[in-house]
Amino acid sequence: MRTFGLLVALLLIPTFAAADDGPSVLAKMDESMSRAVDQYFEYEVVNEEKGRDPKVMELDVWIKGPMRLTEFQAPGDMKGTKALVRAHDQMYIYLPAYNKVRRVASSMTSGGFMGTTFSNDDISTVLYGPVYEGSLQSETDTAWVLVLTPKADAKTAYGKLVMTVSKKYIQPDTIEYFNRKDQHVKTETRSGYTCEGDVCNAESMKMVDHTRGDASTELVRRTWKVNTGVGDDEFSVRNLQN
Amino acid sequence: MEALAQALAKRSFSLVLVIVCLTITIGLAICAVQVEQDDDLLAFLPDTNPDIAFFRQINDRFGGLDVAIVGIEAPELFSADFLGRLKEATDEANTLEQVSYAVSIVNVDDITPDPEMGGIKWAPLVEALPNNEFESDFLREKVMSRDHIVGQMVSADGSAVILYCFLGVESDPRATAEAVRGAVRKHFPDDNVYWGGAPFISTYIYDAAKKDMDRLTPWSVVVIVLILLVTFRDPVGAALALSTTGMGIATSLGTMKLLGIEYNIVLSSMPVILFAVGSAYAIHVLAHYYRHAESMPPEEALHRTIVGVGPPVLAAGLTTVAGLLSFVAMDIEPMRIFGAFTALGIFTTLVLSLTFVPAMIRLTGLRRRTSKRAPRVMAEVSVVFATHRAPTVVVMALVALLAGFFVTRVTARMDNAAFFDKGSKPDLSERFLSERFGGSQFIQILAEGDMKDPAVLLDVQHAADQLSLVEHVSSTIHIVGPLTMANEAMEGLLHVPDSREKAALLLGLMTGNKAIEQLVDADRTEALVQLKLDASDADAMASILNDVQGYFAAREGYKDAADVIEARIAALARQFELEVDPNDLAEAVRGPLGGADATPEVTAGLLAFMGTDEFLAELPDEPDIEARLAAAVAALGPDVDADGLVTAASETLGVEPTESVVDDIVFSLEAATSELWIQAGGLAAAKDLVQLAGLQLGDDERGARILHYIAGAMTDLGRDTPSPVPPVRYTVSGLPMLYRGLEASVTANQWRSLALALLLVFIVLSVVFKSPTAGLLAASPTFLTLLLLYGAMGALGVSLDIGTSMLASLVIGAGVDYAVHMVAAWRAPADGPLSEGARAAAEATASAIWTNAIMVAAGFFVLTLGEARPLQNVGLLTASAMMVAGATTFIAIPALARKRSYSSDAVLSALHDHGDST
């Protein structure tokens, strides 16, 4: 179920700048990522693992504020399944085969959803400022390199993130995830940024899990719409059955 | 041989020969040190056997051999300290490059109903480490109430846990085992930790054998060299003889490198074989040379040696090569490689003994005095048997008959004991898993069918439930278990999803779960049913296997839901150790059940549901509105539909049916009400069944859980059964089938290699002695030795396994040498008794034969001092067989030889006429 959340992570974008220290860059990035009122995406999700055939899923995603609605289009067995996230640990899923909505309270579960390399932690972290302290490690003409360490009271599986933030889009190009033992466990790459007005978003988000033989999950954006005017009703539990 | 002797007489030829031999050997030695190791134990599983091929196929597909199992004893399992360390170890295992997923109770997911908020709660089973005794007790109660976890991840007595580490694709089992061991030991340095699963066990077996070989081979060689020095009393000659074996090893390994063939564990025994057997050829050459050189010039002594001893040495060497080449008839690739390249080593040693060694003699002019004590003793012994031919033959025949009787008792038998001893690490691990987790051995059953079809899933469940009643089956694991739990999470019904769409959806949601991938394939057309066995010895497993195969041979499948339920309840009774009479159960399941009115339970359930977040309607603020609505909906009965709900809701609320609140009520309650009726019906039926079948569940929480499981089964009562039930094809596999396949393979290999070895040896001997009869005579001591060897195995209960199946060819190859020399040297004077032939042959050969027999025996006996079980058997039996082969040579040949000689005059003259008194 975590994938539904992960889709959010990719969606919030934007830009602007101020003083170039760690906290300020982090703040600018979070602002940039939450600039749109609402967004709509169609994604192709490709999951690859050594020695296995790639698995492909197709998802439609609507995002508005903290809410997100995901609908499976493929594979066929999952088609029509919807997930509505209204809060960090509260999700409603609609299962067409059961013709019912089920509330799922999910927290800190292990492993990736349907074999993806995105963990619950990756997905639930939409904004980084509330979870991490940022410090500026280095800077070039095109990017800042931030080192993010968890805040004292933050619940996160990681001990450190090293994030390269594009100065052009004020959003991450790469995120290297380190565990509590400072081992580099995952690398996320966001590429192909495009912008609608001041809202920018990556065409591709790829997470490589180095602890699983470099298994990877890539979300490839097929369609993207910004500020569509979608109403809050679309994010209601009642609407899931429609 | 004459031409060779003449060529070697030329010093220049000898010099060139030595230089060429050394140059080639040095080149091959450089290649030899670069030969790569193949430590894949699975290479020992022959693909030609269908059972073994199927076992490998299944495990390749489902990854059954790709799980490292770490068992940890935990006196204080639910303490923060232990769980904290377990979490650290689990997390660390998850970071290992070789491990794709590691799971234990600290990170396994737990899905439970959320009675307050509605829906399900999906969280780790251990959400937080306990801070005090109260929290520890609470956690213990929670974990131990998860029946699918108990016995799989935590022992039933709560004193041990298991950490499962699933290997990544193409991860090396050895590297994974070492990495997991390191990760776990870091956090459990002083705890009792047990290492199970294929990666650990195969690594142990390989390492134990390799460690033994690495440790014992040098000692074995030292023993051989010492015996050679003591008996031969010629350091230079011994060094020369041993150098040929060294060159043989270099040639063999160098050729392997050049051909791109990897070195395997069986080849570790090659140095022992070459030093023990291969050095004999040079020893024979040197011994005869020394005896000749005592009475004639070195050049003439060398000439007579080559002409005289050349043919029998060549014959002896070729028979050994033939014996080893017979391994190529086996269906185990490492054994074929072992046979081929050890034969090459022996052949090289043989050639060098007849070329390089004489050339060195020619260049250095070696000579020394010889002893005749042993030949004279053996000569007298041989004469006794030759002069008492009839009784000797009778006794030999009786011994052969007796041995033959015991040979019939030799059977192939493969189980863990064939690979490791009691008290070894894998044995301790097996015992730990058996005692704490109900067993460590699994029978795997491949079920082929449409796994999205509920009828097929019911068939799988039905078969698994019935098989759980087979003696020694402690539990069953299959896809239907997690599927029913997932279905319960979605609709509250603990049973197989009742539609194809539901099953497909749930299976889709489980995609990527490593534990699930071990139970069903990606196409959902094949599933694996695992039967955990609480026995591991060969007899018990064979018996279980027969029972399981017999079950499928007689199985007709289920005919209706009652059959499925009956099997389910019987399996639950077995799981929870409840007494139940099968006839009572069969009758109860088909009797009137669930007749009680379930309306009160449904009303209560609806009322509870309305208090959760899953109930979306905003009811008016009226007294008892929820209770009234619940009662009205419940009154609609089990066949509730949307129209009925609209009426009930609008009338209860006093609003128009078109009001949105009515719509919300219908949306929220339609599926829920139907599920509640089914749940209540199942529970009522379960209570009736418990009473009718006389099940004693107990009034505690455990009893409530069992009743819950029975109620889940009873919800299938009204389920339609398609006719006919879609076909499901079951094929039995697993470790017991692997062992059965290995037994067949070992037996077949034994006969194939034995037959080929005997045929090749007979041909070589018949050609060398120019007579099939003489060939049979020379082979007779080996026949007798083989009979005694296998008779002893039968009498002592030693079974055929991969190691002992090598014995026959080894014994034929090495043991027949003695008879070759004896027969070749047989010369009875035309006017004297035949027994003089025995005396002459024994005097000419006994020293070398016994020296070699003792060397081989000692060399192999050293291998019994190791830890690896296969090496112990091979070492002891080969050592014994070589001594027997030596003895039978001096008994059978004198007793059976009927001619005055079997070699040409030139050979006999060169062998016997040393210019001294003999």
Side-chain angles (χ1 to χ4, degrees), chain A residues 1-3 47 49-53 55 57 72 75-81 86 89-93 95-117 120 157 179-181 183-185 209-215 217 236-238 240-242, chain B residues 90-92 94-101 103 107-111 114 117-124 127 168-171 452 487 489-491 497 499-514 517 522 524 612-614 616-617 660 663-664 667-668 670-672 675:
Chain A
M1 314 276 151
R2 291 144 238 161
T3 303
N47 205 43
E49 198 168 351
K50 196 163 60 177
R52 300 184 181 194
D53 294 334
K55 289 192 177 74
M57 293 183 281
F72 278 81
D77 291 340
M78 303 288 293
K79 186 173 172 57
T81 299
R86 293 175 64 89
D89 62 348
Q90 195 178 77
M91 181 191 299
Y92 291 87
I93 57 174
L95 306 169
Y98 288 85
N99 190 31
K100 69 179 291 187
V101 173
R102 180 106 273 200
R103 176 183 172 274
V104 179
S106 171
S107 67
M108 295 173 65
T109 48
S110 60
F113 173 70
M114 291 184 72
T116 67
T117 54
N120 198 41
N179 65 15
R180 298 279 179 181
K181 296 182 179 63
Q183 295 165 314
H184 182 192
V185 290
D209 189 338
H210 305 303
T211 69
R212 288 173 51 189
D214 284 349
T217 300
S236 70
V237 178
R238 185 66 184 81
L240 283 172
Q241 201 176 19
N242 297 330
Chain B
T90 306
D91 288 349
E92 189 151 339
N94 268 315
T95 66
L96 295 174
E97 188 181 343
Q98 301 89 346
V99 174
S100 69
Y101 180 51
V103 62
N107 70 335
V108 67
D109 290 350
D110 186 46
I111 301 173
D114 186 338
M117 304 293 286
I120 55 173
K121 186 181 174 188
W122 188 341
E127 291 187 78
V169 178
E170 296 176 7
S171 285
K452 295 176 185 172
N487 190 71
M490 293 307 163
E491 63 176 352
S499 75
R500 180 185 177 78
E501 291 71 24
K502 289 179 182 176
L505 178 64
L506 294 181
L507 287 167
L509 288 167
M510 292 175 180
T511 301
N513 183 308
K514 297 293 176 187
E517 285 179 355
R524 317 305 188 204
T612 70
D613 279 5
E614 284 191 333
L616 304 176
S660 64
D663 198 29
D664 288 345
F667 173 76
S668 300
E670 186 175 6
E675 290 162 10

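Here the structure is a predicted model, which is why all the values come from computation and not from measurement. Labels below follow one simple rule: chain letters A, B, ... track the order of the sequence lines, proteins then strands, and each chain is numbered from 1.
Of all the listed residues (L505(B), D663(B), D91(B), I111(B)), the one sharing the greatest number of non-hydrogen pairs under 4.5 Å with chain A is L505(B). Of the residues considered (V101(A), V185(A), D209(A)), V101(A) shows the highest number of contacts with chain B, using heavy-atom pairs under 4.5 Å.
With a threshold of 4.5 angstrom between heavy atoms, A489(B) approaches chain A through N, CA, C or O but not through any side-chain atom. Heavy atoms of N94(B) lying under 4.5 Å from chain A belong exclusively to its backbone. Using a 4.5 Å cut-off between heavy atoms, D664(B) touches chain A through backbone and side chain atoms alike. The contact between L616(B) and chain A is made entirely by side chain atoms (from C-beta outward), counting heavy-atom distances below 4.5 Å. With a threshold of 4.5 angstrom between heavy atoms, L506(B) approaches chain A through side-chain atoms but not through N, CA, C or O.
Residues P497(B) and Y98(A) meet the side-chain proximity criterion, which asks for heavy atoms closer than 4.5 Å.
By the side-chain hydrogen bond (donor to acceptor under 3.5 Å, both in side chains) test, S668(B) is found to be paired with no residue, residues two or more places apart in sequence or in another chain being considered. Taking the side-chain contact (heavy atoms from CB on, under 4.5 Å) definition, one finds that S236(A) meets it with R238(A), N239(A), sequence neighbours left out.
Under 4.0 Å is where a charged nitrogen must lie from a carboxylate oxygen, and between K452(B) and D77(A) at least one such pair does.
Considering CG of L509(B) and CE of M78(A), their distance stands at 4.0 Å, rounded to 0.5 Å.
A donor-acceptor contact shorter than 3.5 Å is absent between the side chain of R103(A) and the backbone of E614(B).
Across K100(A) and E491(B), no two heavy atoms sit closer than the pair NZ-CA, 3.8 Å.
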